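Quick note: numbers below take in every heavy atom, side chains included, and nothing from hydrogens, waters or symmetry partners. Keep in mind the model is a prediction, meaning the values are calculated, not measured. Just follow the structure's listing: the first ligand is 1, and inside any ligand the first atom is 1.
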Amino acid sequence: MPGCTGSSAVVPRPATPYQGDIARYWNNEARPVNLRLGDVDGLYHHHYGIGDVDHAALGDTGDVAYEDRVIAELHRLESAQTDVLLDHLGAIGRDDTLVDAGCGRGGSMVMAHQRFGCKVEGVTLSAKQADFANQRARDLGIGSYVRARVCNMLNTPFETGQAAASWNNESSMYVDLHDLMAEHSRVLAVGGRYVTITGCWNPRYGQPSKWVSQINAHFECNIHSRREYLRAMIDNRLVPQAVVDLTPQTLPYWKLRATTSLVTGIEDAFVNSYEDGSFQYVLIAADRI
Ligand SMILES: C[S@@+](CC[C@H](N)C(=O)[O-])C[C@H]1O[C@@H](n2cnc3c(N)ncnc32)[C@H](O)[C@@H]1O
Ligand SMILES: CC(C)=CCC/C(C)=C/COP(=O)(O)OP(=O)(O)O
Ligand SMILES: [Mg+2]
């Protein structure tokens, strides 16, 4: 993808036909489950939630406002997921630069800036997402800190060693992991921190299960195995210092989501694969040595 742009005015050519398809997927994506949750507080996520459901906050299922409370609770759990990712970035100062690889509509970037006060650079293949994220940053008065560009995460415009920390939040299943970790390793300062939260198939199961295949088809992505993450990191000077199995913590989110009118049809594949052990929801944090 030659160059990167901060707007949809000039969109660089995708590096591969596949990336063109992924750009089209996200340029066309407008699922209510994502927009209704983001409308709660203006933080728009494209990832899943973790944590216990606050059933007291949901109230009576017969209330006319019940589904609105479920939407707010699902969103709270998705923002809680971002907080756990940010907890693993280490000590970040106001003068640092963070990189969000596959930034979506920018909810994690806004939360990172709100927590650390620093610059957050995001890349996405989707011009629509980049424009949306940049408009949200302008609306919040943080446009000089939070910026999304249309750019391939495997070929970013960032200087070598520029970032104190970088992450993939449910965006690593669209690229080759060795290519990805090589680019993070280049952009990160020595001693910097890389974090990913991802769904990955469990090598103890053997191969991707039918549920994992359904998720791949649903999102046009290519879920990796947990071992591939660790191997690609270690081969690229990224030494894992935390590997956290978040599977038990994401199941409550999925079971609550499956009760709403916002279901997209993929809920059973996530619940079944998490419960049969073929698929895991994992956070990996690694130090750039
Ligand atoms: C499921 S969304 C996650 C968005 C965001 N990380 C979040 O947590 O809300 C996946 C994102 O990865 C981006 N993506 C996929 N392949 C990419 C690539 N090669 N370069 C840059 N972004 C990519 C998509 O454009 C999309 O924004
Ligand atoms: C854990 C894995 C394998 C995720 C694949 C990446 C992905 C599409 C995440 C959710 O995006 P979204 O929030 O747009 O999806 P949905 O419409 O289901 O909420
Ligand atoms: Mg979603």
Counting each atom of ligand 2 from 1 as listed, which ones have a heavy atom of [X] under 4.0 Å away?
X    : value
V33  : 17 (O), 19 (O)
H47  : 13 (O)
Y174 : 6 (C), 8 (C)
G199 : 1 (C)

Test of proximity, [X] against ligand 2: N or O pairs below 3.5 Å:
X    : value
R257 : yes
H46  : yes
Y48  : yes
N34  : yes
T198 : no

Lys/Arg-Asp/Glu bridge criterion (N-O < 4.0 Å) met for [X], [Y]:
X    : Y    : result
E29  : R105 : yes
R231 : E228 : no
D68  : R36  : yes
R115 : D87  : yes

Looking at ligand 1, is there an atom of it that comes within less than 4.0 Å of some heavy atom belonging to G107?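 Under 4.0 Å: no for G107.
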
Going by heavy atoms, is A15 under 4.0 Å from ligand 1?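 No; A15 lies far enough from ligand 1 that no heavy-atom distance drops under 4.0 Å.
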
List the closest protein heavy-atom neighbour of atom 16 (N) of ligand 1: residue, atom name, distance to the nearest 0.1 Å. Y174 CB, 3.4 Å

Closest protein heavy atom to atom 25 (O) of ligand 1, given as residue, atom name and distance to 0.1 Å: T124 OG1, 2.8 Å

Calculate, to the nearest 0.5 Å, the distance between atoms CE and CH2 belonging to M173 and W201 respectively. 14.5 Å

Heavy-atom contacts with V175 under 4.0 Å: which atoms of ligand 1 show up? List them by number with element. 19 (N)

Under 2.8 Å from the Mg ion (ligand 3), is there an N/O/S atom belonging to N34? yes

